[in-house]
Amino acid sequence: MTDTVATNTAVLILLGPPGAGKGTQARMLEEKFGLVQLSTGDLLRAAVAAGTPAGLAAKSVMEAGGLVSDEIVLQILQDRMAEPDTAKGVILDGFPRTAGQAEALDGLLAGQGLGVTAAISLKVDDEAMIKRVSGRYTCGGCGEGYHDEFKLPAVAGTCDKCGGTEFKRRADDNAETARARLEAYHAQTAPLIAHYGQLGVLEEVDAMGSIEDIASGLGSIVQKVSA
Ligand code: AMP
């Protein structure tokens with residue numbers, strides 16, 4: 001984090017297990033409120049694809065569904081936060097995931113006269129999450145999300161949004177890895193809910209409903225905390 005971050009920067013955190021809809025909801029909030037989605041998962045996948053030293057170190061951990069070291073994650077997060085577009089405010093999607101990351105974030109923000117505006121916990125059911133994660137895929141062209149069971153394209157093999165015909169599945173979106181990721185969430189990330197409760201910035205949303213209903217609940221929270 002650098003002095004390019006404005007003092008009125010909103011810092012929103014989305015907390016929730018894999019499959020809770022953090023990425024989908026973060027993209028919707030980004031469009032609606034002009035905030036910047038910052039996904040450490042996306043940043044790590046880009047580092048893996050680029051073959052950087054951080055990416056090489058992270059690859060096998062991600063494939064096993066474990067957590068990448070705080071050191072690597074904090075470095076890529078700080079590098080991204082140093083880019084000027086984050087001055088509009090950020091939605092942290094998938095970060096922090098450990099007590100160490102949460103403390104580091106609190107310290108970095110405090111150094112800028114900032115704090116976490118809201119940490120929004122997406123409440124979901126574990127077994128439903130495994131099902132959601134195991135069947136999901138995205139359009140290779142525009143990133144629109146689909147699911148083998150819950151959301152098929154209207155015309156088989158063609159993206160509803162951009163007409164693309166190439167689709168991608170994340171290497172870690174299978175039932176076995178999803179279970180490991182869920183375990184990592186319960187062991188290391190869920191305790192952060194209490195941390196943000198103590199800071200007085202915790203908000204909770206039922207994330208088992210439709211994408212639109214969840215988006216509307218989140219939108220109300222963002223409006224409330226930014227007022
Ligand atoms: P995600 O796209 O958020 O589901 O993250 C995919 C994978 O990237 C996770 O299963 C972890 O291996 C790694 N990862 C993403 N964010 C973090 C983080 N904040 N701390 C540690 N590992 C992370």
Trace of the side chain to side chain contact (heavy atoms under 4.5 Å, CB included) decision for Gln25 with Ile211: CA-CA 8 Å; Gln25 295 297 335; Ile211 290 176; 3.9 Å; yes
Nearest non-hydrogen partners of Ala178 and Pro18, listed with the distance: O-CG, 4.5 Å
Residue pair Arg136, Arg169: steps toward the side chain to side chain contact (heavy atoms under 4.5 Å, CB included) verdict: CA-CA 7 Å; Arg136 70 185 181 181; Arg169 229 174 253 273; over 6 Å; no
Non-hydrogen side-chain atoms of Thr98 and Leu67 separated by less than 4.5 Å: yes
Close side-chain approach of Arg80 and Val36, heavy atoms under 4.5 Å: yes
ILVMFWY network linking Tyr196 to Leu218, side-chain heavy atoms under 4.5 angstrom: no
Cluster check Ile13, Leu114: I/L/V/M/F/W/Y, side chain < 4.5 angstrom: yes
Qualifying salt bridge (charged side-chain N to carboxylate O under 4.0 Å, His left out) pairs with a residue from residues 109-127, counting only residues at least two apart or across chains: Lys123-Glu204, Glu127-Arg179
Heavy-atom neighbours of Glu63 CD exceed 12 at 6.0 Å: yes
Closest approach of Lys161 to Tyr146 (non-hydrogen atoms, all atoms of both residues): N-OH, 4.0 Å
Check: Met81 main-chain N/O paired with Thr86 side-chain donor or acceptor under 3.5 Å: yes
Lys59 side chain near Leu44 side chain, heavy-atom distance below 4.5 Å: no
Side chains of Pro17 and Val124 in contact at under 4.5 Å (non-hydrogen atoms): yes
Approximate separation, where rounding is to 0.5 Å, of Phe167 CZ and Thr165 OG1: 7.0 Å
Donor-acceptor pair, side chain of Lys22 and main chain of Gly16, under 3.5 angstrom: yes
From CA spacing to verdict: side chain to side chain contact (heavy atoms under 4.5 Å, CB included), Thr117, Val222: CA-CA 9 Å; Thr117 313; Val222 175; over 6 Å; no
Identified side chain to side chain contact (heavy atoms under 4.5 Å, CB included) counterpart of Leu12 within the set Ile221, Val225, Val90: Val225
Flag side-chain contact, heavy atom, 4.5 Å: Asp79 against Leu77: no
same_hphob_cluster(Ile76, Leu56) at 4.5 Å side-chain heavy-atom cutoff: no
Pairs touching residues 55-108 that satisfy ring pair (Phe, Tyr, Trp, His ring centres under 6.0 Å), sequence neighbours left out: none
Thr177/Asp172 under side chain to side chain donor-acceptor pair (under 3.5 Å): CA gap, chis, key distance, verdict: CA-CA 6 Å; Thr177 311; Asp172 59 351; over 6 Å; no
Gap between atom CG of Leu29 and atom OG1 of Thr24 - 0.5 Å precision: 11.0 Å
Backbone of Glu212 reached by a side-chain donor or acceptor of Ser216 within 3.5 Å: no
Nearest-0.5 Å distance that lies between atom CG in Asp206 and atom CG in Asp213: 9.0 Å
Heavy-atom pair of closest approach, residues Lys88 and Leu35: O-CD2, 3.5 Å
4.5 Å side-chain heavy-atom contact, Asp106 and His195: yes
Within one Ile-Leu-Val-Met-Phe-Trp-Tyr cluster: Val205 and Leu192, side-chain cutoff 4.5 Å: no
Shortest non-hydrogen separation from Pro96 to Leu105 and the atoms involved: CD-CD2, 4.2 Å
Heavy-atom donor-acceptor pair, Thr189 side chain to Arg97 backbone, under 3.5 Å: yes
From CG (Asp85) to CG (Leu38), nearest 0.5 Å: 8.5 Å
Intermediate values then yes/no, side chain to side chain contact (heavy atoms under 4.5 Å, CB included), Met129 and Met208: CA-CA 10 Å; Met129 287 314 99; Met208 290 303 291; 4.1 Å; yes
OG-CD1 distance between Ser39 and Ile91, expressed to the nearest 0.5 angstrom: 11.0 Å
Non-hydrogen atoms of Pro153 and Tyr137 that approach each other most closely: CD-OH, 3.4 Å
Residues Glu144 and Lys151 bridged, charged N to O under 4.0 Å: yes
Hydrophobic cluster membership, Leu92 vs Leu199, 4.5 Å side-chain cutoff: yes
Residues forming a side chain to side chain donor-acceptor pair (under 3.5 Å) with Lys131, sequence neighbours excluded: none
Heavy atoms from other residues, nucleotides or ligands near NZ of Lys168 exceed 12 (cutoff 6.0 Å): no
Leu202 side chain near Ser121 side chain, heavy-atom distance below 4.5 Å: yes
Closest non-hydrogen atom pair between Cys159 and Cys162, with its separation: SG-N, 3.5 Å
Flag side-chain contact, heavy atom, 4.5 Å: Asp93 against Arg27: no
Check: Gln37 main-chain N/O paired with Glu30 side-chain donor or acceptor under 3.5 Å: yes
